[in-house]
2 protein chains.
Amino acid sequence: MNIPEQYSDTISRSELFADIPPDMLADILDRGRRQHIKAGEILFHEGDHADRCYLVLKGRLKLSKLHGQGKEAIIHYVEAGAVIAAVAVFKGKRFPVTARAMGAAEAIGWDRDAIMELISEYAQFAINLLRFAIDRIEELQTRYLELAVEQVERRIARALLRIMRQSGRKTGEGIEIEFKISRQDLADYTGSTLYTVSRTLSNWGKRGWIKSGRQRIVIINPHALVSFSETD
Amino acid sequence: MNIPEQYSDTISRSELFADIPPDMLADILDRGRRQHIKAGEILFHEGDHADRCYLVLKGRLKLSKLHGQGKEAIIHYVEAGAVIAAVAVFKGKRFPVTARAMGAAEAIGWDRDAIMELISEYAQFAINLLRFAIDRIEELQTRYLELAVEQVERRIARALLRIMRQSGRKTGEGIEIEFKISRQDLADYTGSTLYTVSRTLSNWGKRGWIKSGRQRIVIINPHALVSFSETD
DNA sequence: CGACGCATTGACAGGGCTCAATTTAAGTGG
DNA sequence: CCACTTAAATTGAGCCCTGTCAATGCGTCG
């Protein structure tokens, strides 16, 4: 039996195991396969045959979709505790996105049969998976609306706030985004360009709302960003 | 017992009942509450307390999200057979979208308890719900990418093709969209404006690719639209 | 320390939104 | 069945936001 000590936190907090008796966790985890992903490496490619779905144990992954001519949209940043690629189990197709590690990361993967067995033994498992899916749908809908009706600077502000809430860490200066994120990343996340993002961050830097450097952003004044993203 | 005859088709085709023994359908349907929605009426409002989820039995619904100042984004058009508002059951929150009938429509709704009972009795039910959720996620991701990287006319072309595949009916002239859809609708669906949509459709009309009138669109040459949406 | 990748900034242009004025078509009621 | 009302669609003019291109600066890592 091997619940790796260092993940007990992620595991106990993950919605995937909500309402599942702790003594069954070991069994569930044993049926999956753990995998280490180095910084910048890819866990799976968009278009590859989808054979397993994953729980992120450590680190962060960027889920993105490509569009000819080097254009890319970042669909989601996922944290430890999240389930990804459920499509592999329930639609048996190809991965619709690419998953790339933002830093060193680890994940545990189950193939279709394992998940199906788990569901039939622990009915709650399917419900927990549904909760993840529904959360994803809601976030996508919200971001779709933003992309459809708001202009760029607002979208960037909202993106920053969303990422801050999910992956921010308090420091002396303010709240720092815990992973490396470039102007290009933010552009791909907001449906913009690295130039516009750069200009915008630069502007906010001058106003003292944020501090930013190479692949690093600290939010000094979240409130200013919130009101900027909301006021008329 | 009452499986309404006229819906047996929708029911037997709906993914919701895949792999569920037919003799259990009557039981499942009996636990829901049927509801008629007149053309243009609203089944539920964004922000209302979400108390039940629905299977669309007949007609079509438009799921949209509002954004101050009268702006609106159409998140999805759903057909008979689709499940909506699963959020009501699995997150017990508020509806994230508004559902409006595009013509006369009918739906059957189950509250949280009913769905939970059904899942515990028919484990397959949860899996089927997951499939719906995953389909939605994939479509949203794809449209998010489009909105992020493609320009308006292409998005309109793709939207038309997507709607055509889902709700098109062959006629003498070509493939007609089966429900009333205005320029404004198409604009809200593609993140554009009714003016741009009007100009674009007008242009395509002159080229003979489509024919369009008041809330009515017939696609004469789908292939032209496909290549327009794909070429360089 | 050099080189590469990321970020900044300016100049420019154009896609698409906005606003306004008509035109067309669908209902509606007498 | 026609006049009237109202909502949808069309079209033009103007301009602004933001993408594009190019040049330069800077920080980090090998």
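In what follows, every chain begins at residue 1, and chains take the letters A, B, ... in the order their sequences are listed. Bear in mind that the values here come from a model prediction, so they are computed numbers and not experimental data.
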Criterion salt bridge (Lys or Arg N to Asp or Glu O under 4.0 Å) against A/Glu79, the qualifying member of A/Arg13, A/Lys58, A/Arg60: A/Arg60
For A/Ile177 against A/Leu160, the heavy-atom pair lying closest together: CD1-O, 4.4 Å
Protein-nucleotide distance (A/Arg183, atom CZ; C/dT9, atom C1'), rounded to Å: 13 Å
Residue pairs passing the side chain to side chain donor-acceptor pair (under 3.5 Å) test where at least one lies in residues 211-223 of chain A, sequence neighbours excluded: A/Glu173-A/Lys211, A/Glu173-A/Arg216, A/Glu176-A/Arg216, A/Arg183-A/Ser212
A/Ala101 to A/Leu61 - nearest heavy-atom pair and separation: CA-CD2, 3.3 Å
Contact under 4.0 Å: A/Ser198 side-chain N or O vs C/dT8 OP1/OP2: yes
Touch class at under 4.0 angstrom, heavy-atom based, for B/Leu194 against every strand present: base
Atom pair distance, as rounded to whole Å: NZ in A/Lys206 and C1' in C/dA7: 13 Å
Main-chain N/O of B/Phe17 paired with B/Ser14 side-chain donor or acceptor, under 3.5 Å: no
Minimum heavy-atom distance B/Glu72-A/Val149, with the two atoms named: O-CG1, 4.4 Å
Position toward the 5' end of DNA chain D (nearest nucleotide), A/Glu153 or B/Ser212: B/Ser212
Short side-chain N/O contact to C/dA7 OP1/OP2 from A/Ser202, under 4.0 Å: no
Non-hydrogen side-chain atoms of B/Val97 and A/Gln141 separated by less than 4.5 Å: yes
5' to 3' contact window, DNA chain D with chain B (heavy-atom distance under 4.0 Å): D/dA7 to D/dA13
Rounded distance (Å) that lies between atom P of C/dA25 and atom CZ of B/Arg216: 12 Å
Within 45° cone and under 6.0 Å: A/Arg143 NZ/CZ vs A/Tyr189 ring: yes
Length of the line joining B/Ile156:CD1 and C/dC17:P, which is rounded to integer Å: 8 Å
Distance in angstrom units between A/Ile210 CD1 and C/dT8 C1', rounded: 13 Å
Pair A/Asp135 + B/Lys91: basic N to acidic O under 4.0 Å: yes
Footprint string (nucleotides 18-23 of chain C, 5' to 3'): B base within contact, S backbone only, - free, heavy atoms under 4.0 Å: BBB---
Separation of atom CG in A/Asn203 from atom C1' in C/dT8, rounded to whole Å: 13 Å
Distance, rounded to the nearest Å, where B/Lys180 contributes NZ and C/dA26 contributes P: 9 Å
